[in-house]
Amino acid sequence: MKIYNTLTKKKEDFIPIEENKVKMYACGPTVYNYFHIGNARPFVFFDVVRNYFEYMGYQVTYAQNITDIDDKIINKAIEDNSSFKEIAKKYIKAFQDDTQKLGIRNPDFQPKASEVIGEIIKLIKELEKKGFAYEVEGDVYFSVESFKQYGKLSGKKIDDQKAGARIEANINKKHPADFTLWKKAKPGEPTWNSPWGKGRPGWHSECVVLSQKYLQSESFDIHGGGVDLVFPHHENENAQAEALSNKPLANYWMHNGFINIEGEKMSKSLNNFFTARDILKEYNAEAIRFFFLSKHYRSPIDFNREIMQESDTAVKNFYSVLKSIKYKAIDLKQDYSPELIKKKAEFIKAMDDDFNTAKALSVMFDLVRIIKSSKDDELFSQEAGNLLVELGGVLGFFQDIENILTNDLGDLSEKLLSILIDIRNDAKKNKNWILSDKIRDDLLKEGIQLLDTKDGTKWEKK
RNA sequence: GGCGACAUCGCCAAGUGGUAAGGCAGAGGUCUGCAAAAUCUCCACCCCCAGUUCGAAUCUGGGUGUCGCCUCCA
């Protein structure tokens with residue numbers, strides 16, 4: 001398996017630290033708002049990464065933090081005339097609801113920054129003791145000059161940056177690029193006691209502490225997040241960890257590309273934000289998933305109505321072909337037929353190549369075509385259906401398969417439905433098109449689609 | 001200014017030296033009272049120029065264009 005590693009800027013063979021085990025960590029949300037479609041991309045993508053490792057027989061431990069101490073949360077609390085804690089609580093709940101609706105499995109660990117303040121203080125003390133950090137009037141900074149490998153992840157050289165590039169002017173800092181580890185308390189802010197007085201941790205320490213704690217090691221396999229986190233967040237995380245352990249925090253650093261909205265960068269000033277919550281009202285979760293996976297994770301991707309519509313149609317096609325063969329999960333006594341083994345191998349090859357999900361999806365469409373062209377061979381088409389569901393499952397599709405494949409009518413009676421179909425057929429014989437169309441249209445409104453086929457009128461749930 | 005990514009059909013997208021997958025949309029046929037669904041068929045020399053090579057979308061150089069990071073924004 002090959003993974004593009006931001007640290008080396010190359011695709012590399014994936015070699016886990018412990019055989020057959022993967023320890024991965026992805027940066028989670030800052031809980032000050034409903035998360036948007038751009039935030040959703042890494043959540044979905046790393047969910048797929050985890051699935052795929054499991055599919056390939058790895059034992060995966062996946063941890064993700066929740067940032068519940070942050071300026072943005074404090075500001076939001078002031079804005080809403082609410083408390084810091086209430087805001088965090090509200091949006092943690094929203095985060096969990098929305099990821100669940102998106103069909104994203106919960107990580108094995110999902111700790112909050114506020115749970116490990118003591119450990120963060122310990123980390124900062126250690127950095128200070130070893131000369132990587134210094135205190136100025138209650139603030140503690142990491143000294144980038146003390147860690148000679150600073151910049152190794154992002155490829156930035158600290159002295160190279162243009163003087164004009166905006167770097168916070170702060171006379172207390174020894175070097176303009178030094179970043180905050182501990183912030184002195186300001187009035188009205190949540191604070192904790194520390195050796196440097198009351199204050200709160202900066203953003204970059206929590207991920208170091210949480211990842212090492214929950215993955216139970218100084219250095220783990222995969223660290224992921226959006227490209228924007230490469231610098232400064234991940235650079236700074238790594239600097240803290242590696243300064244102390246002489247090992248990179250993670251061996252492989254994976255970063256997903258951004259999402260644009262109709263060709264433009266998502267931004268507050270353009271007011272082109274879409275929350276996952278809002279999009280879920282219009283499109284189903286698997287259409288959103290298809291949209292993310294239809295392009296390689298490192299590429300930028302454009303969000304627009306047309307694409308979402310296409311994604312929606314594409315996913316429906318997966319289901320409709322399964323419906324057409326009345327798919328039922330079968331227990332395979334032996335391995336797949338040679339033609340299907342080949343398709344499975346293609347899928348694995350695509351995913352092994354740095355998670356080429358777009359290519360993997362095309363294998364699913366191949367299977368759709370195979371199923372369509374082999375409907376006469378019931379056993380084989382069911383077998384192909386099995387593989388489609390198996391591979392789709394790795395990508396996180398078919399979560400709703402039971403519900404969609406059954407023709408449960410709920411409060412509509414099946415008998416009444418067949419009576420209506422009879423009446424409509426009589427009307428058709430008498431060329432009473434007004435009545436027959438009314439029945440067809442009204443049923444469609446109830447989610448029942450009539451299909452006039454050669455073998456008579458059939459129906460299916462939409 | 002520094003660092004980096006990308007440019008393939010109307011849209012999305014695979015392809016990494018051997019003569020352009022797939023999806024959506026579209027066109028036409030079958031089926032139908034009409035429609036939907038289904039089904040069959042059709043639909044690209046790969047941003048430009050030069051080079052390497054028997055052979056390049058794929059490699060090299062140069063253009064042009066788009067985008068990202070350098071701001072605690074995934």
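A note on names: the letters A, B, ... follow the listed sequences, proteins ahead of strands, and every chain is numbered from 1. Model, not experiment: these values are computed from the prediction.
Side-chain to base pairing of A/Arg440 with B/A36: no donor and acceptor N or O lie closer than 3.5 Å to each other. Side-chain to base pairing of A/Asp452 with B/A35: one donor and one acceptor N or O lie within less than 3.5 Å of each other.
Look at CG on A/Leu391: it is 15 Å from C1' on B/G22, rounded to the nearest Å. In this structure, A/Ile74 places its CD1 atom 12 Å from C1' of B/C72, rounding to the nearest Å. Remark: P of B/A74 and CH2 of A/Trp253 are 17 Å apart, rounded to the nearest angstrom. At whole-Å resolution of the value, NE2 in A/His233 and C1' in B/G68 are 19 Å apart. One atom, CZ of A/Phe347, and another, C1' of B/A14, lie 15 Å apart when rounded to the nearest Å. Residue A/Glu310 contributes atom CD, which lies 14 Å from atom P of B/G10 at whole-angstrom precision. Atom pair A/Tyr297:OH and B/G68:P shows a separation of 20 Å (rounding to whole Å applied). The CH2 atom of A/Trp203 sits 11 Å away from the C1' atom of B/U71 (whole-angstrom rounding).
Nucleotides B/A27 and B/C67, compared at atom C1', are 35 Å apart to the nearest Å. Taking atom P in both B/G15 and B/C42, one finds a spacing of 25 Å when rounded to whole Å. Comparing B/C46 with B/C3, their C1' atoms sit 29 Å apart, to the nearest whole Å. Rounded to a whole angstrom, the distance from the P atom of B/G23 to that of B/G18 is 24 Å. Nucleotides B/C72 and B/C24, compared at atom P, are 44 Å apart to the nearest Å. Between the P atoms of B/A38 and B/A13, the separation comes to 25 Å (whole Å). Comparing the same atom, C1', in B/A74 and in B/C69 gives a spacing of 13 Å after rounding to whole Å. Comparing B/C40 with B/A7, their C1' atoms are spaced 36 Å from each other, to the whole Å.
Side chains of A/Tyr336 and A/Glu390: a donor on one and an acceptor on the other come within 3.5 Å.
Within residues 429-439 of chain A, the residues that place at least one heavy atom under 4.0 Å from RNA chain B are, in residue-number order, A/Trp433, A/Ser436, A/Asp437.
In this structure, the ring of A/Tyr150 has its center no less than 6.0 angstrom from the ring center of A/Phe132. Between A/His36 and A/Phe273, the gap from one ring centroid to the other is short of 6.0 Å. Here A/Phe35 and A/Tyr91 keep their ring centres 6.0 angstrom or further from each other. The six-membered or imidazole ring of A/Tyr252 lies away from that of A/His223, with a centre-to-centre distance of 6.0 Å or more.
Other residues, nucleotides and ligands contribute only 12 or fewer heavy atoms inside 6.0 Å of the CD atom of A/Gln100.
For A/Lys372, the side-chain atoms get nearest to B/U39 when compared with the rest of B/A14, B/C72, B/U39. Of all nucleotides listed (B/C72, B/A74, B/G23), B/G23 comes nearest to the side chain of A/Asn317. Comparing B/C24, B/A13, B/G15 against the side chain of A/Asn356 picks out B/G15 as the nearest. The side chain of A/Asp353 lies closest to B/G15 when the candidates are B/G23, B/G15, B/A13. Each of B/A74, B/A36, B/A38 was ranked by its minimum atom distance to the side chain of A/Ser320; first place goes to B/A38. Nearest nucleotide to the A/Ile307 side chain, out of B/G33, B/C69, B/C11: B/C11. Comparing atom distances between the A/Asp366 side chain and each of B/A35, B/C11, B/G22 picks out B/G22 as nearest. When each of B/G22, B/G33, B/A74 is scored by its nearest atom to the side-chain atoms of A/Arg369, the top-ranked nucleotide is B/G22. Here B/A74 is the nucleotide among B/A74, B/G22, B/A36 with the atom lying nearest to any side-chain atom of A/Asn39. Listed nucleotides B/C24, B/A14, B/C11 differ in distance to A/Thr313; the shortest reach to its side chain belongs to B/C24.
Residue-level contact check: A/His36 touches the bases, meaning some heavy atom is under 4.0 Å from a base atom. Here A/Gln309 lies out of heavy-atom contact (under 4.0 Å) with every strand. At a threshold of 4.0 angstrom between heavy atoms, the contacts of A/Gly202 with the nucleic acid are absent. The residue A/Ile301 sits apart from the nucleic acid: no heavy atom pair falls under 4.0 Å. Here A/Phe365 lies in heavy-atom contact (under 4.0 Å) with sugar-phosphate atoms only. Note on A/Gly225: only backbone sugar-phosphate atoms sit closer than 4.0 angstrom, heavy atoms only; bases stay farther off.
Both tests pass for A/Lys156 against the ring of A/Phe231: distance under 6.0 Å to the centre and angle within 45° of the axis.
Taking only side-chain nitrogens and oxygens, A/Asn260 never comes nearer than 4.0 Å to OP1 or OP2 of B/G68.
Ring planes of A/His233 and A/His204: tilted class, angle from 30 to 60°. Classification of the A/Phe355-A/Phe45 ring pair by plane angle, with boundaries at 30° and 60°, yields perpendicular. The aromatic rings of A/Phe291 and A/Phe303 stand perpendicular to each other, their planes meeting at an angle above 60°, with 30° marking the opposite boundary.
For B/U16, there is no paired base (Watson-Crick or G-U wobble, both distances below 3.5 Å). The pairing partner recorded for B/G10 is B/C24, the criterion being a Watson-Crick or G-U wobble arrangement whose two distances lie under 3.5 angstrom.
Here A/Phe35 does not lie in a stacked arrangement on the base of B/A74, lacking the combination of planes under 30° and ring centres under 5.5 Å apart.
Looking at which nucleotide of RNA chain B each of A/Arg424 and A/Leu229 is closest to, the 5′-most match is held by A/Arg424.
Under the 3.5 Å distance criterion, the side-chain polar atoms of A/Asp178 are matched with a main-chain donor or acceptor of A/Val144.
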